[in-house]
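Heavy-atom basis, side chains included; hydrogens, waters and symmetry copies ignored. In the text below, chain A, chain B and the rest are named by the order of the sequence lines, each starting its count at 1.
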There are 2 protein chains.
Amino acid sequence: MAESTPEGDTPPTYRAAEIAAAWRRERPQTPTDSIEIVTPIWQLAKLFADDRGRVLRAAGIDAATLDLLSVIRRSGPPYTLSTREIARRTLVTAGAISQRVARAEQQGLVRRAPGGAAPRTVLVSLTPEGHALIERSVDQVLGREATLVEGLSQPERATLSALLDKLLTDLQRRCPPPGSPAQP
Amino acid sequence: MAESTPEGDTPPTYRAAEIAAAWRRERPQTPTDSIEIVTPIWQLAKLFADDRGRVLRAAGIDAATLDLLSVIRRSGPPYTLSTREIARRTLVTAGAISQRVARAEQQGLVRRAPGGAAPRTVLVSLTPEGHALIERSVDQVLGREATLVEGLSQPERATLSALLDKLLTDLQRRCPPPGSPAQP
DNA sequence: TCAGCTATATTTAGCGCTAAATATTACCAT
DNA sequence: ATGGTAATATTTAGCGCTAAATATAGCTGA
């Protein structure tokens, strides 16, 4: 056996190519076509999320709050969005949004007010404190991420993002649309 | 009105390109370079995870258990791995592995036994029931995922996976290695 | 007019994860 | 021998999310 139990060496992490090869060795009929796409996507998502978490901890804000303030901030003046619209744009459950808004309101970062078209619409607005916090956080987060993707050349990044977008579009056509994270 | 709030139309989901454009409109100095890479990665990760969740619910197994049984199964005979090694390969906290193993043991899918090289090593093995469950689940999951990536041609998939791997390698060199999901 | 219907927001129970604290074992140098 | 140290596993507290149940406001048609 190569490297399983008593752990000879300890490679830094586990590679998609190894996973696919292991399945083909163990079960030759296994359909491994997707592994080298899906696995690195999950690994990258986790790496980006963890790294962002570290940046945000230093900035005194958590990822959920950043997500909330960001979507309101970048919607432009008057920095107000309905709960429903926030849920649509962040692709997180409406119940989760309720909780995020409650926490942020507790910290004085947003304000809730009834009003709007639909029946029970609640509008969420940035307070001056919330606006200030997002202004000083967003460049830190996006600046850090910009350095993280520097390992790819500009043409490589363009190719990558085009392929990701194509795959995403195709999948959204074929899967029910429950939820998904977002960008500040 | 179409179907949302005051908000005019309701596109199926929120696009990375729109997010980047919104930030540039609102704050021209914002570094948006990473958005069209990071955002689709998170959206895709969520889509794949949700879709897998639906497949697994039908198969009577959850994602965490699939992850555990998979890593043991594809390590080959004797289908035994130490807790430590499982944690390394799935890139999830050792505490989480303890809990996953406890749950799976409760269901009769794995067995725990002391032994192995290091001090307090615990070896986790598949029971016949666990082996049978993973055998009949893995092809369903990977087969489904294979159809999901069909929207990309073979060369496109190769390019995509090469770029993802390059980015991942580069990031692993630059970020601390806390944790990340895995593939069955 | 008014009874229901629809659309939205909130609450609640439960889940799995992380981080930190704790427990346990083997080894090793004195 | 023996006390200490390193390595590992488990437990625990807390967190944020999801799904489902609940509450509420406006609309609509008989």
Side-chain angles (χ1 to χ4, degrees), chain A residues 5-7 10 42 45-46 49-50 52-54 56-57 61-68 81-88 90-106 110 112-124 176-182, chain B residues 1-7 10 42 45-46 49-50 53-54 56-57 61-68 81-88 90-107 110 112-124 176-182:
Chain A
T5 317
E7 294 95 31
T10 303
W42 281 355
K46 190 71 168 19
D50 287 351
R52 172 175 290 194
R54 281 187 290 270
L56 292 178
R57 183 137 32 101
I61 181 177
D62 64 284
T65 303
L66 177 83
D67 202 26
L68 173 65
L81 242 37
S82 70
T83 297
R84 189 73 184 156
E85 184 59 16
I86 295 172
R88 188 185 75 78
T90 57
L91 299 177
V92 122
T93 296
I97 296 295
S98 251
Q99 295 172 9
R100 287 180 175 189
V101 170
R103 290 195 298 267
E105 192 177 39
Q106 200 69 22
V110 301
R112 255 187 292 207
R120 215 171 113 72
T121 294
V122 168
L123 297 177
V124 184
S180 159
Chain B
M1 143 179 62
E3 42 144 11
S4 93
T5 323
E7 293 89 28
T10 303
W42 282 354
K46 190 73 169 15
D50 288 351
R54 282 186 290 270
L56 291 178
R57 183 137 31 100
I61 181 177
D62 64 284
T65 303
L66 176 83
D67 201 26
L68 174 65
L81 242 36
S82 69
T83 296
R84 190 70 183 159
E85 185 58 16
I86 295 172
R88 189 185 73 78
T90 57
L91 300 177
V92 121
T93 296
I97 296 295
S98 252
Q99 296 172 9
R100 287 179 176 190
V101 170
R103 291 195 297 266
E105 191 176 39
Q106 201 68 22
Q107 298 178 266
V110 300
R112 253 186 295 206
R120 216 173 112 74
T121 294
V122 169
L123 297 177
V124 184
S180 156

Nearest whole angstrom, please: distance from the [atom2] of [N] to the [atom1] of [X].
X	N	atom1	atom2	result
B:R88	D:dA7	CZ	C1'	17 Å
A:L91	D:dC17	CG	P	14 Å
A:I61	D:dC15	CD1	P	17 Å
B:Q106	C:dC15	CD	C1'	16 Å
A:D50	C:dC17	CG	C1'	12 Å
A:E105	C:dT11	CD	P	10 Å
B:D67	C:dG16	CG	C1'	13 Å
A:L81	C:dT8	CG	P	14 Å

Locate the shortest heavy-atom distance separating [X] from [Y]; write the atom from each residue and the value.
X	Y	result
A:L56	A:L66	CD1-CD2, 4.0 Å
A:S82	A:T121	CB-CG2, 3.9 Å
A:R100	A:A64	NE-CB, 3.5 Å
A:L68	A:A104	CD2-CB, 3.8 Å

Next on the checklist: Categorize A:S98 for me: base, sugar-phosphate, or nothing, with a 4.0 angstrom heavy-atom threshold over every strand shown.
Outcome noted: base

Item to check | Pair B:R54 + B:D50, salt bridge at N-O below 4.0 Å | outcome: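 No, this pair does not count.
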
Checklist entry - Salt bridge or not for B:D62 and B:R103, using N-O below 4.0 Å? => result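 No.
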
Checklist entry - Name the one of A:I97, A:I86, A:L81 that satisfies side chain to side chain contact (heavy atoms under 4.5 Å, CB included) with A:V124? => result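 It is A:I86; the other options fail the test.
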
Where the side chain of [X] is concerned, which of [options] is the nearest nucleotide?
X	options	answer
B:T121	D:dC17, C:dA9, D:dT8	D:dT8
A:T93	C:dA9, D:dT10, D:dA19	D:dA19
A:A96	D:dT18, C:dC17, C:dT10	D:dT18
B:Q99	D:dT18, C:dT18, C:dT10	C:dT18

For nucleotides 25-27 of chain C, give me every protein contact, N/O to N/O, under 3.5 Å, one pair per line with atom names.
none

Checklist outcome for this item: On DNA chain C, more 5' by nearest nucleotide between A:I97 and A:R57 is A:I97

Next on the checklist: Counting neighbours of CZ on A:R57 that are heavy atoms of other residues, nucleotides or ligands and sit closer than 6.0 Å, is the number greater than 12?
Outcome noted: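 Result for CZ/A:R57: open.
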
Next on the checklist: Distance criterion of 3.5 Å, no angle test: do you see the side chain of B:E85 paired donor-to-acceptor with the base of D:dT8?
Outcome noted: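 Between D:dT8 and B:E85, which were checked side chain against base, a qualifying N/O pair under 3.5 Å is absent.
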
Distance check: side-chain N/O of [X] vs OP1/OP2 of [N], anything under 4.0 Å?
X	N	answer
B:R100	C:dC17	yes
A:R103	D:dC15	no
A:R84	C:dT6	no

